[in-house]
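Read the structure below first, then the notes.
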Number of protein chains: 2
Amino acid sequence: MDDTKRTPAPKERNAAPLGPSVRKPGSALTITDVAEFAGVSKKTVSRVLNREPMKATTRAKVEAAIETLGFVPNAQARALAFRKNFVIVLFIHDSTSPMAMTFQRGVLSAIGDSELALAVRPVNRESPELLSEIETFLARQKPMGAIFLPPLSERDDIGEMCQRLNVKYVRVGSAQLDMMSRSVWSNDREAVMGAVRDIVALGHKRIGFVRGPKGFLSARERETGFRQALVAAGVTPDETLFADGRYTFDSGVAAGQALLSLPQPPSVIFASNDSMAAGVVRAAHEKGLRLPQELSIVGFDDGPVAVQLWPSLTTVHWPVIEMGVLAVHKLVPETLPAGEDPAALPSMVAPSLIRRESLDAPAR
Amino acid sequence: MDDTKRTPAPKERNAAPLGPSVRKPGSALTITDVAEFAGVSKKTVSRVLNREPMKATTRAKVEAAIETLGFVPNAQARALAFRKNFVIVLFIHDSTSPMAMTFQRGVLSAIGDSELALAVRPVNRESPELLSEIETFLARQKPMGAIFLPPLSERDDIGEMCQRLNVKYVRVGSAQLDMMSRSVWSNDREAVMGAVRDIVALGHKRIGFVRGPKGFLSARERETGFRQALVAAGVTPDETLFADGRYTFDSGVAAGQALLSLPQPPSVIFASNDSMAAGVVRAAHEKGLRLPQELSIVGFDDGPVAVQLWPSLTTVHWPVIEMGVLAVHKLVPETLPAGEDPAALPSMVAPSLIRRESLDAPAR
DNA sequence: ATTAAAATAGACACCGGTATCTTTTTTTGA
DNA sequence: TCAAAAAAAGATACCGGTGTCTATTTTAAT
């Protein structure tokens with residue numbers, strides 16, 4: 001054919017294949033450069049990159065060329081051709097949440113140094129455009145998978161949308177929210193039940209409880225577990241020993257003050273998360289109580305603050321990091337350690353009580 | 001041969017392979033579909049997407065088509081054609097670091113709901129392949145910009161590599177590390193000096209200091225500021241009042257115990273970060289000291305733990321979120337609020353002391 | 001009204017990979 | 001040994017956008 005002589009001025013660089021020695025800096029190298037260098041076709045280089053079966057000698061030749069030139073494939077071009085971006089998106093509701101940050105560590109550790117990338121995207125659960133925002137992001141990025149953290153994960157419509165868009169996803173929460181392959185959850189209810197059993201075993205009779213916000217599944221599950229454990233222990237829940245909280249430190253202080261001002265205050269207070277437990281610790285200190293002799297306090301999360309408090313906090317360890325790892329493995333089985341069975345991955349990780357200083361038997 | 005005989009039905013190209021009328025769900029729509037629908041060329045749609053100047057009626061026509069079809073452009077295709085991925089990469093050394101997590105919040109808030117995405121990439125500063133790992137990631141992703149957090153930011157060779165790869169970057173730290181347009185920093189030295197002035201003004205004479213790890217610029221700057229402030233106040237630094245720490249809670253406990261066991265203990269202890277300050281708080285509590293009457297404690301960071309401690313921690317607020325916002329604005333001026341001048345962006349954000357309960361005048 | 005200049009829209013190559021189909025090479029079988 | 005089958009490598013279209021240059025329309029000027 002002709003028409004190759006086209007425009008004289010621009011794009012001269014292709015006219016006479018790059019001219020001599022115009023080796024561009026950095027990694028402007030393409031698969032074509034590697035192919036020429038190795039004396040094979042583009043497709044052959046592509047085969048090497050994708051580890052397709054081929055003759056060993058050819059592979060070696062190409063790998064040598066890649067090594068020599070320092071070639072790094074362009075992720076966007078691959079993504080375009082694959083119609084999948086090698087990215088995992090982490091959708092979070094509140095970028096302040098320590099849980100989200102901890103979860104992210106799990107995700108990053110599972111990704112390791114694979115070619116996967118992590119994209120973090122905060123969205124507002126209250127926004128009326130929540131769904132379309134997520135849809136647009138997914139349509140634009142076409143990620144390998146999406147992870148929804150609480151409370152986003154509690155919405156079924158998000159899952160349905162992902163299926164419609166053909167995007168793999170995992171919903172993370174304090175109870176199973178979707179089919180196994182799309183769920184990662186901690187059994188908060190059981191964990192609280194176990195913790196309460198331990199507390200009761202120490203001899204505590206009056207156990208205060210600080211609720212989390214009603215809108216959070218974790219808060220509801222934890223309260224349910226607490227009540228079920230009491231019932232199982234033969235104790236009728238005393239509604240005056242329940243105080244509302246919003247998962248914040250301040251709300252924990254207020255709840256603690258309220259519970260400790262009761263005519264007959266509890267000998268131990270279970271707070272639905274560590275921030276509120278820290279608030280209760282403060283309320284107790286302000287009242288001059290000796291901890292844990294005069295008041296035991298138990299939290300939930302095992303966040304960074306738990307060990308830094310005085311006394312250090314007995315708390316339910318929420319296996320958030322493990323959940324992050326699990327979510328990635330479910331989305332991209334290739335991240336699994338070598339011939340492990342993706343189908344054998346669990347969905348649930350069990351939280352468990354960590355005993356520290358803030359819990360002891362009640363005073364005589 | 002001409003291919004102008006315009007296919008009647010769109011996507012004729014799929015007719016053979018995919019069967020007829022297989023209108024795929026979701027956003028398998030392309031710019032070509034929009035162009036056909038609007039009766040214009042691909043390029044015209046592209047112009048609308050990129051907000052290039054054009055006739056209002058044409059623009060309206062195309063925008064209507066986009067709206068009607070629910071078209072979302074493919075980020076990978078754009079990135080490939082642009083040779084730039086609409087992504088900002090945040091390189092962090094230690095995914096555990098609370099500072100990194102807080103910084104990330106600033107980055108996310110600056111990104112807002114623009115089409116930018118945030119990718120987080122942990123790398124190990126100790127790894128001998130650190131540089132090549134970063135280079136490979138940048139070559140693969142071709143991001144709009146890269147942000148290096150401490151202690152990665154302290155390496156000059158990383159900056160040089162980015163320039164070689166033609167990647168915009170910002171180095172974040174506790175002192176200016178690069179030219180203004182590539183730096184975001186907090187003046188930790190000045191901030192500590194100011195804090196010490198306040199402490200001295202309260203009447204404190206013996207001020208203990210808990211160092212951070214020598215390998216961190218922030219630790220060195222904070223100590224330098226501390227010493228300079230003492231000298232400025234006419235006090236000769238007493239080396240026995242310095243204790244080593246590693247920015248961890250445990251090291252803070254140990255340092256606190258050491259300082260409080262001195263024959264003549266300090267009346268106030270300045271810890272180089274909040275975690276260590278929390279450790280000092282614990283050491284003081286263990287010794288039965290009343291805070292702040294018998295010992296004042298001051299930290300640095302103003303992290304989440306500061307308000308949750310008892311007593312709440314007086315600490316230097318480290319404006320990490322603001323630094324995150326600033327870094328994004330520097331990398332992508334388009335994220336600035338509307339006609340603000342990118343050149344007018346500051347590089348430095350000043351930390352300042354937040355007075356809380358843990359600091360008071362020394363006892364008589 | 002006519003033409004030159006400016007503004008706008010279109011045609012087509014191209015970004016850097018992968019998929020499909022074809023050609024070439026190697027292996028196998030008689 | 002030679003043809004047939006299998007394996008390997010190559011040629012080319014294509015993913016979904018943007019850049020460049022050309023064609024067309026609109027505006028301005030005479």
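As the structure is a prediction and not an experimental result, all values here were calculated from the model. Values below: all heavy atoms of this structure, side chains included; hydrogens, waters and symmetry mates excluded. We name chains A, B, ... by the order of the sequence lines, and we start the count at 1 in each one.
- Nearer the 5' end of DNA chain C, as judged by each residue's closest nucleotide, is the contact made by B:P53, out of B:P53 and B:L80.
- Looking at A:K42 and A:T30, their side chains never bring a donor and an acceptor atom within 3.5 Å of each other.
- Rounded to whole Å, the distance from CG on A:N85 to C1' on C:dG17 is 13 Å.
- Put simply, CZ on A:R140 is 11 Å from P on D:dG17, counting in whole angstrom units.
- Looking only at side-chain heavy atoms (C-beta outward), B:L130 and B:L152 come within less than 4.5 Å of each other.
- The nearest whole Å value for the distance from the CG atom in A:N74 to the P atom in D:dC15 is 18 Å.
- Considering only side-chain atoms of A:F82, the nucleotide from C:dA19, C:dG17, D:dG17 that sits closest is C:dA19.
- Among A:N85, A:N50, A:I31, the single residue meeting the side chain to side chain contact (heavy atoms under 4.5 Å, CB included) criterion with A:R78 is A:N50.
- Within the 3.5 Å criterion, the main-chain N or O of A:E52 finds a donor-acceptor partner in the side chain of A:R59.
- In this structure, A:K142 places its NZ atom 12 Å from C1' of D:dG17, rounding to the nearest Å.
- Following rounding to the nearest Å, B:I31 (CD1) and C:dA11 (C1') show an atom-to-atom distance of 14 Å.
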Under 3.5 Å between N/O atoms: give me all the protein pairs with nucleotides 10-13 of chain D, atom names plus distance.
{"residue": "D:dG10", "atom": "OP2", "partner": "A:S41", "partner atom": "N", "Å": "2.8"}
{"residue": "D:dG10", "atom": "OP2", "partner": "A:S41", "partner atom": "OG", "Å": "3.0"}
{"residue": "D:dG10", "atom": "OP2", "partner": "A:T44", "partner atom": "OG1", "Å": "2.5"}
{"residue": "D:dG10", "atom": "O6", "partner": "A:R47", "partner atom": "NH2", "Å": "2.9"}

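- Remark: C1' of D:dG17 and CG of B:L29 are 14 Å apart, rounded to the nearest angstrom.
- Relative ring orientation between B:F91 and B:F148 is described as parallel, the plane-to-plane angle staying below 30° on a 0-90° scale split at 30° and 60°.
- The CZ atom of B:R59 sits 13 Å away from the C1' atom of C:dA9 (whole-angstrom rounding).
- At a threshold of 4.5 Å between non-hydrogen side-chain atoms, the residues A:L345 and A:L336 count as touching.
- With a 4.5 Å cut-off on side-chain heavy atoms, A:L149 and A:L90 count as touching.
- Put simply, CZ on A:R83 is 12 Å from P on D:dG17, counting in whole angstrom units.
- Using a 4.0 Å cut-off, some side-chain N or O of A:S46 falls inside it from OP1 or OP2 of C:dT18.
- Contact between the side-chain N/O atoms of B:N50 and the OP1/OP2 oxygens of D:dT18 is found at a separation under 4.0 Å.
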